[in-house]
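Here the structure is laid out as structure tokens; the discussion comes afterwards.
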Amino acid sequence: MKRFLEMIGDDKRSMLAESGEIRRIRRGETPFLFKADEEDAMILLDGFISLSRENRLGASRVVMVCAAGDMLNEEVIAGEPCFCTAAALSDAELLCIGAERLRELADKEPDIGRAVFESMTKKCRRLYHQLGSSQGSYPVRVRIAARLLKLGRDFGTDTPEGRRIDFRLSISLLAEMTGTKRETVSRCISSLKKQGCICVKDSFMVIKDTDMLKENAGL
């Protein structure tokens with residue numbers, strides 16, 4: 001499914017750019033927090049950002065990863081506080097538009113309003129998929145292998161070594177993505193490395209053997 005900015009034409013993108021301001025952040029920074037009353041809607045222009053929530057025990061869980069073209073916090077357009085905490089997985093560039101101004105544009109320009117709706121639908125679909133793939137009904141190895149395949153497909157680049165995931169994927173981050181203990185993820189990653197499925201090059205994870213990784217994911 002297309003990302004938010006891919007759903008609208010050049011003229012509408014120019015209209016958004018004229019209505020907002022560019023904000024640049026460094027890897028590790030948090031542009032907004034869970035339950036924050038954020039005045040701006042944010043569109044990711046460059047880089048990668050995770051959206052996460054904490055459970056009742058205080059453990060963080062990554063809900064999804066966003067890439068260039070994605071809108072991060074559509075909920076503010078409806079006057080809601082932020083549903084998640086956003087964290088930069090790389091240096092990133094954001095287009096920040098006042099929620100009220102974006103609401104006006106969505107009312108006047110059907111393409112923009114439709115793109116906002118489709119963006120929220122896409123997030124709902126991701127959430128439902130994640131609920132099914134991260135519960136205890138699937139073995140940890142299957143969940144981790146499946147997540148690596150998806151990250152490679154959605155956020156990867158082909159290199160001579162294999163399919164590289166284009167942001168630094170730490171053991172802790174992968175544990176938050178799969179709802180698994182860090183130690184368990186570490187053991188699983190070590191096993192996948194020994195099998196020749198994956199490797200780490202220049203701090204980036206690379207999928208070397210997609211077919212073998214699919215076998216681990218039960219596909």
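Just so it is clear, the structure is predicted and the values come from calculations on it, not from any experiment.
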*For the hydrophobic clusters of this structure (ILVMFWY residues joined by side-chain heavy atoms under 4.5 Å, transitively), does one cluster hold both I171 and L192?*
yes
*Taking the side chain as every heavy atom from C-beta outward, state whether C82 and L33 have any atom pair closer than 4.5 Å.*
no
*Joint hydrophobic cluster, I22 plus M42, side-chain heavy atoms closer than 4.5 Å*: no
_Contact check, side chains of K201 and R164, non-hydrogen atoms, under 4.5 Å_ = no
_Pair listing, salt bridge (Lys or Arg N to Asp or Glu O under 4.0 Å) test, anchored in residues 108-117, at least two apart_ = K12-E109, D111-R114
*What distance do C96 atom SG and L45 atom CG have between them, rounded to the nearest 0.5 Å?*
9.0 Å
*Sidechain-backbone polar pair: R13 side chain, L5 backbone, donor-acceptor under 3.5 Å*: yes
*Going by atom types only, do S170 and S172 share a side-chain donor-acceptor pair under 3.5 Å?*
no
*Tell me, do F34 and C84 make a side-chain contact under 4.5 Å, heavy atoms counted?*
no
_By the definition salt bridge (charged side-chain N to carboxylate O under 4.0 Å, His left out), identify the one residue from R24, R27, R26 that meets it with D91._
R26
*asked:* Please determine whether side chain to side chain contact (heavy atoms under 4.5 Å, CB included) holds for the pair R143 and T180, giving the CA-CA distance in whole Å, both sets of side-chain angles, and the decisive distance to 0.1 Å.
replied: CA-CA 9 Å; R143 302 205 309 265; T180 310; 3.0 Å; yes
*asked:* Is it the case that over 12 heavy atoms from other parts of the model lie below 6.0 angstrom from the CD atom of E100?
replied: no
*Atom CZ in F167, atom CG in L173: separation rounded to 0.5 Å?*
6.0 Å
*Going through the checks in order, is the side chain to side chain contact (heavy atoms under 4.5 Å, CB included) test met by L169 and F204?*
CA-CA 7 Å; L169 182 62; F204 291 90; over 6 Å; no
_I need the minimum non-hydrogen distance between A106 and I112, along with the two atoms involved._
CA-CG2, 4.1 Å
*Within a strict 4.5 Å, meaning less than it, do heavy atoms of the S119 and D70 side chains meet?*
no
*Look only at the side chain of S19 and the backbone of M15, and say whether a donor-acceptor pair between them is shorter than 3.5 Å.*
yes
*asked:* With a sphere of 6.0 Å drawn around CD of Q195, does it hold more than 12 non-hydrogen atoms of other residues, nucleotides or ligands?
replied: yes
_How close do G196 and D209 get, counting heavy atoms only, and between which atoms?_
O-CB, 3.7 Å
*Of all heavy-atom pairs between I8 and A115, which one has the smallest distance, and what is that distance?*
CG2-CB, 3.7 Å
*asked:* As an exercise, state the distance from CG of L105 to CD1 of I77, rounded to the nearest 0.5 Å.
replied: 10.0 Å
*asked:* Quick check against the 3.5 Å criterion: does R23 have a side-chain atom that pairs as donor or acceptor with the backbone of L94?
replied: no
*Rounded distance [0.5 Å steps], CG in N216 versus OG in S191*: 6.5 Å
*Student check: side-chain heavy atoms of L72 and F32 closer than 4.5 Å*: yes
_Counterpart residues, salt bridge (Lys or Arg N to Asp or Glu O under 4.0 Å), relative to E75 (two or more places apart)_ = none
*asked:* Apply side chain to side chain contact (heavy atoms under 4.5 Å, CB included) to residues T85 and R53 and explain how you reach the verdict.
replied: CA-CA 6 Å; T85 291; R53 286 280 298 270; over 6 Å; no
*How many angstroms lie between CD1 in I189 and SG in C197, if you round to the nearest 0.5 Å?*
9.5 Å
*With D202, which residues qualify under salt bridge (Lys or Arg N to Asp or Glu O under 4.0 Å), at least two apart?*
none
*Any chance the side chains of T178 and R147 put a donor and an acceptor closer than 3.5 Å?*
no
*Measure across L44 and A92 and return the closest heavy-atom pair with its distance rounded to 0.1 Å.*
CD1-CB, 4.0 Å
*Do N73 and L51 have side-chain heavy atoms sitting under 4.5 Å apart?*
no
*Look at E74 together with K123 and state whether they make a salt bridge at an N to O cut-off of under 4.0 Å.*
yes
*Taking atom NZ of K208 as the centre, report whether more than 12 heavy atoms of other residues, nucleotides or ligands fall under 6.0 Å from it.*
no
*4.5 Å side-chain heavy-atom contact, L95 and L16*: yes
_What I want to check is whether the side chains of R168 and S90 have a donor and an acceptor closer together than 3.5 Å._
no
*asked:* Checking the side chain of S14 only, and the main-chain atoms of D10 only, is there a donor and an acceptor separated by less than 3.5 Å?
replied: yes
*asked:* Pair L89, I49 - check side chain to side chain contact (heavy atoms under 4.5 Å, CB included), show working.
replied: CA-CA 5 Å; L89 301 177; I49 285 183; 5.9 Å; no
*Report yes if some heavy atom in the side chain of I165 is under 4.5 Å from a heavy atom in the side chain of T157; otherwise report no.*
no
_Using the rule that Ile, Leu, Val, Met, Phe, Trp and Tyr join whenever any side-chain heavy atoms are under 4.5 Å apart, tell me whether V65 and M71 fall into a single cluster._
no
*If Ile, Leu, Val, Met, Phe, Trp and Tyr residues are connected whenever their side-chain heavy atoms lie under 4.5 Å apart, and connections chain through other members, are V63 and M120 in the same group?*
no
_Is a donor from one side chain sitting under 3.5 angstrom from an acceptor on the other, for E54 and S60?_
no
*Nearest heavy atoms of A67 and F155, plus distance in Å*: CB-CE2, 3.7 Å
_Please report the interatomic distance CE(M205) to CD1(I198), rounded to the nearest 0.5 Å._
4.5 Å
_For the student: nearest non-hydrogen atoms of D37 and P81, plus distance_ = OD1-CB, 3.7 Å
_Membership question, hydrophobic clusters at under 4.5 Å side-chain separation (ILVMFWY): are M7 and L102 in the same one?_
no
*Taking atom CD of E161 as the centre, report whether more than 12 heavy atoms of other residues, nucleotides or ligands fall under 6.0 Å from it.*
yes
*So, does E6 use its side chain to make a donor-acceptor pair with the main chain of R3 at under 3.5 Å?*
yes
